[in-house]
Amino acid sequence: MQYNFGLLSGAYKNAGDYLIRNRSIALLKEVYPDCNITIWERNKSLNDVLDKINKCDALILAGGPVYQKDIYPNDIPLVENLDNIKTKICEMGLGWWNRNYAFKDIIEYSFDEKMHNLLKRIMHDTGELSCRDWVTEQILKNNGFSNLVMTGCPAWYSDYTSEKQNNFTDFNSIKKICVSDSSRYNNHENLFELVLYLRKKFKNAEIHFIFHRGIFADNYTNSIVSEKNTELKNKLSSIQKLFIHDISYSGEGFNIYNDCDIHIGFRVHAHIYNLSIMGYSILIEEDSRGYAANEAFGLMSIPARISINQHNIPNPYMVSQINNYINYLFENNFNIFGVVYKQIQQNKNKMIKHIKKFI
């Protein structure tokens with residue numbers, strides 16, 4: 001039977017959001033092969049397309065940090081009266097985002113009334129709420145929600161089925177390293193130090209530096225961020241065997257990671273993508289998303305910033321932590337990632353089961 005779905009997408013510029021969108025579509029097609037999918041941007045009111053939405057079999061929020069205290073109606077306006085949406089409202093692997101992620105921040109977090117009402121509506125329509133990680137599940141439990149399932153994010157899942165072969169005899173056998181950029185320019189100094197360290201540690205490797213959200217100013221990047229990105233780009237250009245890529249505004253740019261030996265960087269979706277194709281990745285955690293992703297995968301936590309004397313500063317131990325982690329991975333033949341790949345497959349089964357509840 002042919003079904004019609006409306007997909008509310010947050011893909012505007014950041015490559016990671018396009019990855020979520022594309023892989024959400026792939027998952028829906030896997031469960032409902034003949035379905036039609038109409039994409040609407042979720043930062044716009046649905047009033048003008050309400051008739052079309054109500055003819056769909058389900059309206060779907062897919063991926064991203066949607067479990068926020070007031071994201072509806074401030075950033076995802078939908079409609080003022082949710083009763084005007086007559087079709088089912090469903091979701092796939094949504095998450096919680098916060099700049100800080102200490103235990104206190106998790107325990108005390110609460111949703112505004114309108115957001116709480118939206119989540120109750122989704123719970124009513126689907127019978128459960130899916131979470132992209134265990135931290136998100138705890139946030140929802142703290143706010144009174146049960147019937148939760150940890151499905152992971154839609155971006156976790158690709159059609160790759162075989163692990164990359166580890167032929168690394170020593171550091172010099174690494175041929176291609178990908179480094180993803182930071183979303184916060186106050187981490188650029190540490191990021192540049194990381195690249196210098198990698199250049200020295202892996203003498204034979206090409207280093208590919210990837211800007212996920214672009215470099216220059218436009219409707220989604222202000223002039224200050226653009227200026228800082230340009231400064232970083234110019235500094236990086238002085239490093240030998242380093243290549244710079246801008247993969248914003250699409251999901252196809254993730255192909256740069258397909259043949260890399262290891263990813264080391266700040267972007268959660270670079271981390272997720274490399275793990276989803278059974279590659280190796282080290283994520284530096286900028287916020288709750290990074291922390292929660294590493295916790296879900298059982299991987300080492302490396303914070304981008306730490307608190308010292310009530311001041312939030314770039315982690316002065318970051319490069320040292322990464323060096324220790326890399327040495328550990330080589331000494332243990334990267335075996336830790338085999339467990340991650342199995343977790344991803346197990347969680348995909350949960351995601352598929354969840355999607356089957358949309359109809």
Side-chain angles (χ1 to χ4, degrees), residues 97-106 133-135 168 170-172 174 177-203 205 207-213 225 228-229 231-233 235-236 238-239 242 260-272 274-275 279-337 339-340:
W97 177 90
N98 204 41
R99 182 68 71 193
N100 302 311
Y101 47 95
F103 183 73
K104 177 177 180 290
D105 301 304
I106 296 172
D133 52 64
W134 299 113
V135 174
F168 306 141
D170 54 32
F171 300 138
N172 290 329
I174 296 287
I177 300 171
C178 285
V179 180
S180 59
D181 67 321
S182 168
S183 65
R184 302 173 66 182
Y185 58 77
N186 58 3
N187 289 326
H188 281 184
E189 184 175 346
N190 256 6
L191 177 52
F192 186 68
E193 291 300 316
L194 168 64
V195 175
L196 291 179
Y197 153 78
L198 294 173
R199 177 68 290 149
K200 184 177 180 180
K201 179 105 172 169
F202 300 98
K203 294 180 173 58
I207 298 177
H208 292 258
F209 190 92
I210 299 104
F211 286 93
H212 278 229
R213 207 173 182 279
V225 173
K228 297 296 184 181
N229 286 342
E231 289 176 2
L232 177 62
K233 175 179 176 291
K235 288 177 67 176
L236 291 169
S238 66
I239 298 175
L242 185 142
C260 82
D261 294 323
I262 187 168
H263 158 260
I264 303 170
F266 291 75
R267 290 288 178 176
V268 173
H269 289 101
H271 188 52
I272 288 171
N274 280 277
L275 295 176
Y280 305 141
S281 179
I282 296 174
L283 177 67
I284 303 155
E285 303 160 4
E286 290 193 283
D287 52 37
S288 64
R289 294 174 306 160
Y291 167 77
N294 274 336
E295 183 194 52
F297 292 130
L299 294 173
M300 181 175 176
S301 176
I302 301 176
R305 306 182 72 81
I306 61 174
S307 294
I308 295 180
N309 297 328
Q310 298 184 329
H311 294 285
N312 184 264
I313 64 170
N315 179 4
Y317 314 108
M318 188 189 82
V319 171
S320 176
Q321 287 180 288
I322 290 172
N323 182 61
N324 291 339
Y325 195 10
I326 288 172
N327 291 340
Y328 166 81
L329 293 175
F330 270 86
E331 290 166 3
N332 292 275
N333 202 35
F334 292 77
N335 288 336
I336 189 173
F337 292 107
V339 177
V340 175

Search all heavy atoms of [X] against all heavy atoms of [Y] and return the closest pair with its distance.
X    : Y    : result
I106 : Y101 : CD1-O, 4.0 Å
S301 : Y291 : OG-CD1, 4.3 Å
Y280 : D261 : CD1-O, 3.5 Å
C178 : I210 : CB-CD1, 3.7 Å
S281 : H271 : OG-ND1, 2.6 Å
P316 : I306 : CD-CD1, 3.5 Å

Got [X] and [Y] here, is their nearest side-chain heavy-atom distance under 4.5 Å?
X    : Y    : result
I326 : Y197 : yes
I322 : I284 : yes
F337 : L329 : yes
E231 : Y185 : no
L242 : V179 : no
N186 : K228 : no
I262 : F202 : no
D133 : E295 : no

As an exercise, state the distance from [atom1] of [X] to [atom2] of [Y], rounded to the nearest 0.5 Å.
X    : Y    : atom1 : atom2 : answer
M318 : I302 : CE    : CD1   : 8.5 Å
N187 : F266 : CG    : CZ    : 5.0 Å
E286 : R99  : CD    : CZ    : 7.5 Å
I336 : M300 : CD1   : CE    : 10.0 Å
K233 : D181 : NZ    : CG    : 13.5 Å
H263 : I272 : NE2   : CD1   : 10.5 Å

Do the side-chain N and O atoms of S180 and H212 include a donor-acceptor pair separated by under 3.5 angstrom?
no
[X] side chain to [Y] backbone, donor-acceptor under 3.5 Å:
X    : Y    : answer
N323 : V319 : no
D170 : N172 : yes
N315 : P303 : yes
R199 : A205 : yes

When you look at L236 and V195, which way does the side chain to side chain contact (heavy atoms under 4.5 Å, CB included) test go after all the steps?
CA-CA 8 Å; L236 291 169; V195 175; 4.0 Å; yes
Between R184 and R305, does a side chain to side chain contact (heavy atoms under 4.5 Å, CB included) hold up when you go through it step by step?
CA-CA 11 Å; R184 302 173 66 182; R305 306 182 72 81; 3.3 Å; yes
How are the rings of F330 and F171 set to each other: parallel, tilted or perpendicular (split at 30° and 60°)?
perpendicular
